[in-house]
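Heads up, the thing below is written out as structure tokens.
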Amino acid sequence: MSSEERQRPKILLLGTIEHAHDAWKQVTEIADIIQPTSSSRSDFIAECASGAFDSCLLAYRTFDSTLLTGLLNQELISALPPSIKYIIHVGAGYDVISIPACTARGIRVSNTPSAVDEATADCALFLLLGAMRNFNAGMTALRLGQWRGGDEEQVRNGEKGIKMPALGRDPRGKTLGILGMGGIGKTLASKVAGAFGMKVTYLNRRRDEEGERELRDQGVEIEWVGGDGEGGFEEGLKRLLGESDVLSLNLPLNAETRHIISTKEFALMKRGIVIINTARGAVMDEAALVEALESGQVHSVGLDVYENEPEIHRGLLANPNVMLVPHMGTWTVETETKMEEWAISNVRMAIEEGKLRSIVPEQRDMQ
């Protein structure tokens, strides 16, 4: 074996490459790939301790690899060999990875931010229209052999007293409030304004004036509702909740945003609000959401994410005003391919240049 072959970097592959095979083939030409043989978290940690992954430069992980490793928390990050300098994550959200633990170990983490914008915004658009128009109640009735709440014979005979689904509401002219307007939120704002003629308000901790200009150039009527100084975000949140006909949650999950929407926040909302969540389930308190739905404070919701996936609160499953999708916001061939290609570009850059194309924001000063 030549010295050049011995010096090829090693990649710990956690998960499988499903789509971007050509891009991955180019990686295999410059690096050796090592895959774990373990089938559980405890076995994986033991495999790390055995030295099986020693000298690996980086770990490439898919969302589904969590089934093997569990959360990449302090325990698991500490188990990785000292040679690991990068974790390449295939996905925009990275709440399963402890960034403080990685930073303490000198491990840099990348994600695939804008690759998911279009598909996730499309999913939000579907949930928004379905929740506003009460389509889920109608679709559920059909699967129960009913037509808008009555069986075929009742409908044919024109019987009275059939419990029809509540009338929906048109989106045109309504206000969409976006909590956390990054790439997905901006893409959604453009879509709802163009397709439905909705007005858009948004709240970030910092105003995105450049993003506002871009959206206004597209004909979007948009307003930031935050304020300057201490307490500006809290006051802005009160205004966003109180003025929105539809609220879209598009913020990352972290210690500050966990249950940012709970009982107190539901009470501040316009009665009969519609809520869409394509971010992370735990940004909203599901138990409090069920109560708000049952009281009518929240009219309907469209959810792609859940607090304890794959478990879903029974109160959500039982409510016909809840549109449910099993975390399929990026579930398209094109987007999954883009995500893998983006992640693979981070792999190549780490190997060839010693830096990342899209290091996570918390680690920008490590680039």
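Positions are given from 1, in the same order as the sequence printed here.
The side-chain contact (heavy atoms from CB on, under 4.5 Å) search around I351 returns P9, I11, I30, A31, L57, L58, V347, not counting sequence neighbours.
The residue from E336, E341, K338 that alone fulfils the side chain to side chain contact (heavy atoms under 4.5 Å, CB included) condition with H19 is E336. Residue L356 forms a side chain to side chain contact (heavy atoms under 4.5 Å, CB included) with just one option from M366, Q367, M349, Q363, and that option is Q367.
Residues I34 and C56 share a closest heavy-atom pair of CD1-SG, 3.8 Å. When all heavy atoms of Q74 and A101 are compared, the pair lying nearest together is OE1-CB, 3.6 Å. P252 approaches T257 most closely through the heavy-atom pair O-OG1, 2.7 Å. Looking at every heavy atom in both residues, S248 comes nearest to N250 through OG-OD1, 2.7 Å.
Using a 4.0 Å cut-off between a side-chain N of Lys or Arg and a carboxylate O of Asp or Glu, D32 and K10 do not qualify as a salt bridge.
Linking Ile, Leu, Val, Met, Phe, Trp and Tyr residues whenever their side-chain heavy atoms come within less than 4.5 Å places L303 and L247 in a single cluster.
Ring pair F53/F44: centre-to-centre distance below 6.0 Å. In this structure, the ring of Y60 has its center no less than 6.0 angstrom from the ring center of H89.
Geometric assessment of R205 against the ring of F233 yields a positive cation-pi assignment under the 6.0 Å and 45° thresholds.
The local environment of CD in Q218 is crowded, with over 12 non-hydrogen atoms from other residues, nucleotides or ligands closer than 6.0 Å. Annotation for K174: atom NZ counts as buried by contact number, over 12 foreign heavy atoms lying within 6.0 Å.
Side-chain atoms of T16 and E18 include a donor-acceptor pair closer than 3.5 Å.
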